[in-house]
Each structure stands twice: as structure tokens, then as C-alpha cells.
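Reviewing the structure listed below.
This chain uses plain numbering: 1 for the first residue, then up along the sequence. Atoms within each ligand, like the ligands themselves, are counted from 1 in listed order.
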Amino acid sequence: MTDSRRYREIGVTPLSKALGAQIDGVDLTQPLSDSVMQELKDAFATYSVIFFRDQSLSPQQHIDLAEQWGEININRFFKPLDGYPQIAEVIKAPDQKENIGGTWHTDHSYDQIPAMGSMLYARQVPPAGGDTLFASMTLAFEALSDGMKKTLLGLNAWHSSRHAFGYSVSDSEHYEDGRLANPELAVQDALHPVIITHPLSGKKALYVNADFTVRFDGWTTEESQPLLDFLYAHGAREEFTCRFEWQEGSIALWDNRATWHNAMNDYHGHRRVMHRITLEGVALQ
Ligand code: SIN
């Protein structure tokens, strides 16, 4: 049901009880008025991921739109769109088996100042499949026991790009076909609180993820892994998630500090082409 009590200028329809809302009544090729932008920001803070349908943006319009939300972070590892270094191509070709982003994760947690958000624009989608799942890390935190919350609130964790984008994976299909590049630049390690206070909502959120978190600070990898595995299974519980079915022209904007996402890899033999712009964040506390 549309959330019409709070929003006058835009249509906001929640996708699940947990997170995610579809926004209607906005043409993203046009400059957004202050009042529309204010409502979009409110919906983004409330639902953590917002979706738009049937948008027809040129690459430059995609960049202009992203710049209305913040400064663009240029990705070091993804192949950029020709002539547009700000836009990373997330592609799976018909003959490829591995997709990009096909495990639960949050983008750029290996950076000292992790990305605020990612804006993904569907250029070409398979006839069926290729949905993206999102999970709320505020709900995941809230559902933990008091004992677990207390333990996690005292911990920091190390996040790394080395095992995900570095030399150890440079013979993967992603590197061989040029979708990813620059393994020599995968030198980022960053320490973040395991539970952050979300900069927009003020709510506490779980901030570890299966792609980039390597261990708790002061713990060995072997000591860390069982608790991390528990948190990864816990965070992916269905009641914390929503699922978005892409169409060409769909756009998702998600908050990397409040969500995980997971791109379904269930469309072998078909092409899926997405354009991603990542937005700079603030230091996490
Ligand atoms: C990503 O992980 O950034 C890509 C998600 C997707 O392609 O659905």
C-alpha cells in the first residue's frame, strides 16, 4: 500500500515489511526540485533502498542525477563505461558463469570511508531472473539477543579488498574477460565498528559482510569465522529482506551502511548490463 501520509510530491510504495520502496511520479531526466529531493531523501532514510521504474537516462544524466545525491566515488576495479569513468559496468555475458555481486555484501566496506550508496541502472536485463535481494542491517541488529548485541558493540572488524579484487583472484573469470581490472590496487584494509550508528537514521546497524570482512580486531581469523558465519546467516533471514525484479530503465539507490545486497545468478545464457555509480560516504562510528 502506498505510504501517502508522509509524501505529497512523490508516490512511495513499500516493497516488503523490512525495507525497500518503489518511488513513482518522478522523471529523473529533469532537475529535481528541493521539495521532491527532500521527500526522496526522507524515503531513502526510511526504506534504505529506493527503486524507480521506466527511466530513460543518458550516461551524463545518470551522472548528473547521482551528483544531486553526493560526490561520486570512482571505482578502481570495475571496467568503466567508455568515456565515463564515474560509471562502472556490471555485466554478465551469455557465455559467462560468474556474476558480479552474487553473494550477500555491501559495497566498498574495505575503504576507510565506505561508500554512502550505490545507484544501479538497468540497461539490459534477461527475460527472467537476475533479481537483486536486499537485507536490512538495522533489523538484523535489532533481532539479536541482548547478550550478542553487547558483545558486538564492543568489537571492531577488519575489512579488506585483497582477497576479493587482488592478485589471488586475478585468474578468475571476472579478470580474464576484463570485467574487473587493477588487482595491484587491491591494497585497502579498513577497521570499522561491527555495530555502527547509522548517519541518517541514528539507528544501530550490523556492519560486517561476507565479501569483505576478514576478522574481528584482536581476534584470529579462525576465532572470528564462526561468529561471522552466524552473523551472515542471521542477516540473510528472509524477514529482513526484499527482492527487486529489474526491468530495463529501472534504477535502485541503496544505502550501503544500512543494507546488504545479493545479485541472483540464475540467468545463464542471457546478457545483463547494469551501470553503477557509487557515492562517497562519511566516517563510520
Ligand atoms: C553489485 O553488487 O553492485 C551489483 C548488484 C546487481 O548487479 O544486482
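Remark: aromatic rings of His234 and Phe240 are close, center separation under 6.0 Å.
Near Val90, with a cut-off below 4.0 Å to any heavy atom, the atoms of ligand 1 are 7 (O). Contact atoms of ligand 1 toward Gly101: 2 (O) (distance under 4.0 Å to a heavy atom of the residue). In the vicinity of His261, heavy-atom distances shorter than 4.0 Å reach the ligand 1 atoms 1 (C), 2 (O), 3 (O). Within the listing of ligand 1, atoms 2 (O) sit less than 4.0 angstrom from a heavy atom of His105. In summary, the atoms of ligand 1 found under 4.0 Å from a heavy atom of Ala263, numbered by their order in the structure, are 5 (C), 6 (C), 7 (O), 8 (O). Using a 4.0 Å cut-off to heavy atoms of Leu120, the atoms of ligand 1 that qualify are 5 (C), 6 (C), 7 (O), 8 (O).
Linking ILVMFWY side-chain heavy atoms closer than 4.5 Å, directly or via other members, places Leu40 and Leu253 in a single hydrophobic cluster.
Nearest non-hydrogen protein atom to atom 8 (O) of ligand 1 is Thr132 OG1, 2.6 Å. The protein non-hydrogen atom at the shortest distance from atom 7 (O) of ligand 1 is Arg272 NH1, 2.8 Å. Closest protein heavy atom to atom 3 (O) of ligand 1: Arg276 NH1, 2.7 Å.
Checked options Tyr121, Phe134, Trp246, Phe44; the residue passing with Phe51 is Phe134 (criterion: ring-ring contact (aromatic ring centres under 6.0 Å, His included)).
Under a 4.0 Å N-O distance rule, the pair Asp111/Arg76 qualifies as a salt bridge. Between Glu173 and Arg179 a salt bridge is recorded (basic side-chain N to carboxylate O distance below 4.0 Å).
Tyr207 is not listed as a side-chain neighbour of Thr213, based on a closest heavy-atom distance of 4.5 Å or more.
Around the CG atom of Asp82, the shell of radius 6.0 Å holds no more than 12 heavy atoms that belong to other residues, nucleotides or ligands.
Within the structure, ligand 1 lacks Met264 among the residues with a heavy atom less than 4.0 angstrom away.
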